[in-house]
Amino acid sequence: MLEHAEFGDPDGLPVLVQPGTPSTGRVGELLDRTARARGVRLVVVTRPGYGSVPVTPPGLVSVAEQVGLLADELGLERFGTWGLSGGGPYALAQAVATPDRVARVVVSAGGAPGGPAQTVAELIAEANELAALFAGLDVQAFVASRPPTELFFRDHPEYADAFILDLRRGTASPDGHVRDNRSWQGHWDFSLADVRVPVDLVYGELDQMVTLDHGQRLADAIPHARLHVLPGSGHGYATFGSVNMVCELFGGRSGGRP
């Protein structure tokens, strides 16, 4: 069974969240305050290879099937699913794996299929490099190291500590990073044409990590998709900074703060 952590309003609209890469369910701390104010219950999963969740063979649909079992355990008949960055492909897979249970999918700065595939050795080296970087990073150095288009943590430094801690959890082993990348690099194990639920795609105009063309390609391939472009925004605002907008897309009440 997947690990999960809950945030937001425990009595609110249920949304199952796939966090980014590399990340764990604890990154939901960055989303908690706004989700609580908007009446949305966030169930943030930790995927195979992260935390104490055993690594499994690469694949998107297999994780979505595990999320369906988690929803059973939590007594959730119907729910939304939200994918941030590397979690975006998994959120879309959920609409294919459990089509009668997913009310809506939101993808915030998630990649589209067709990218070049790295070798396992390359991915392990990349994961170890990230782990070494995050091990000695403090908040000031992290904020200062952001690219010029990445303003979220400069504007909201109060979230940086929780984000760095979760990055350290996510890179404690290379397994999750390797599995994620092998799952969504190249061709995916489901067809985007089979995603039949409403889909909202939220992308930053200036995102250099997952560029806007990914959102445009997904919008062209998914039957009921709407593309939302955030002017002047980078990756951080398209993911964590979009929580107020995302809660509204899922039908949460008014009154949240970004």
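Scope of the values below: all heavy atoms of this structure, side chains included, with no hydrogens, waters or symmetry mates.
- If you look at Phe142 and Phe163, their ring centroids are closer than 6.0 Å.
- Residue Glu122 qualifies as enclosed at atom CD: its count of foreign heavy atoms under 6.0 Å is above 12.
- Shown here for Ala238 and Tyr203, the closest heavy-atom pair between the two residues is CB-C, 4.2 Å.
- For the pair Asp72 and Arg101, the salt-bridge criterion is met [side-chain N within less than 4.0 Å of a carboxylate O].
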Practice problem: Go through Gln66 and Ser62 one step at a time and tell me if the side-chain hydrogen bond (donor to acceptor under 3.5 Å, both in side chains) criterion holds. | Solution: CA-CA 6 Å; Gln66 287 183 280; Ser62 60; 5.4 Å; no

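- Environment of CZ in Arg146: crowded, with over 12 heavy atoms of neighbouring residues, nucleotides or ligands closer than 6.0 Å.
- No donor-acceptor distance shorter than 3.5 angstrom exists from the side chain of Arg226 to the backbone of Leu201, with no hydrogens or angles considered.
- A pairwise comparison of heavy atoms in Pro54 and Pro48 identifies O-CB, 3.4 Å as the closest pair.
- Of all the heavy atoms in Val27 and Pro19, the pair that sits closest is CG1-CB, 3.7 Å.
- Asp189 places a side-chain N or O within donor-acceptor distance of the main-chain N or O of Leu60, the cut-off being under 3.5 Å.
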Self-check item: CA sep, side-chain torsions, deciding dist, call: Asp155, Tyr237, side-chain hydrogen bond (donor to acceptor under 3.5 Å, both in side chains)
Solution: CA-CA 10 Å; Asp155 297 344; Tyr237 266 110; 2.7 Å; yes

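- Looking at Leu249 and Val202, their side chains come closer than 4.5 Å, going by heavy atoms from C-beta outward.
- Note on Leu206: it does not cluster hydrophobically with Phe152, by side-chain heavy-atom contacts below 4.5 Å among ILVMFWY residues.
- Sparse packing is recorded around CD of Gln140, with 12 or fewer heavy atoms of other residues, nucleotides or ligands lying under 6.0 Å away.
- Put simply, the side chain of Arg26 never gets that close to the backbone of Val44: no donor and acceptor are under 3.5 Å apart.
- Heavy-atom contacts from other residues, nucleotides or ligands closer than 6.0 Å to CE of Met245 number more than 12.
- Checking each of Asn244, Leu13, Val246 against Arg38 for a side chain to side chain contact (heavy atoms under 4.5 Å, CB included) leaves exactly one that passes, namely Asn244.
- Minimum heavy-atom separation, His4 to Leu74: NE2-CD2, 3.9 Å.
- Salt-bridge formation is detected for the pair Arg169/Asp166: a Lys NZ or Arg NE/NH1/NH2 atom is positioned less than 4.0 Å from an Asp or Glu carboxylate oxygen.
- Residues His224 and Arg196 share a closest heavy-atom pair of CD2-O, 3.2 Å.
- Leu212 and Met209 fall into different hydrophobic clusters, where Ile, Leu, Val, Met, Phe, Trp and Tyr residues are linked whenever their side-chain heavy atoms come under 4.5 Å apart, directly or through other members.
- Classification of Asp11 and Arg36 as a salt-bridged pair fails, no side-chain N sitting under 4.0 Å from a carboxylate O.
- Summarising the geometry, atom CD belonging to Gln18 is positioned 13.0 Å from atom OG belonging to Ser108; distances are rounded to the nearest 0.5 Å.
- The backbone N or O of Gln208 lies less than 3.5 Å from no partner atom in the side chain of Thr211, so there is not a single donor-acceptor pair.
- Checking side-chain atoms of Arg104 against main-chain N and O of Val199 turns up no donor-acceptor pair under 3.5 Å.
- Hydrophobic clustering keeps Val55 apart from Ile124 (ILVMFWY residues linked when any side-chain heavy atoms are closer than 4.5 Å, directly or through intermediates).
- The main-chain N or O of Arg41 is never found under 3.5 Å from a side-chain atom of Glu6 such that the two would form a donor-acceptor pair.
- Residue pairs meeting the ring pair (Phe, Tyr, Trp, His ring centres under 6.0 Å) criterion with at least one partner in residues 24-59, sequence neighbours excluded, do not occur; the list is empty.
- Among all heavy-atom pairs drawn from Ala103 and Pro198, the shortest one is O-CD, 3.6 Å.
- One distance of note links OG of Ser191 with CG of Leu92; it measures 11.5 Å at 0.5 Å rounding.
- No continuous path of hydrophobic side-chain contacts links Phe134 to Val178 [ILVMFWY only; heavy atoms under 4.5 Å].
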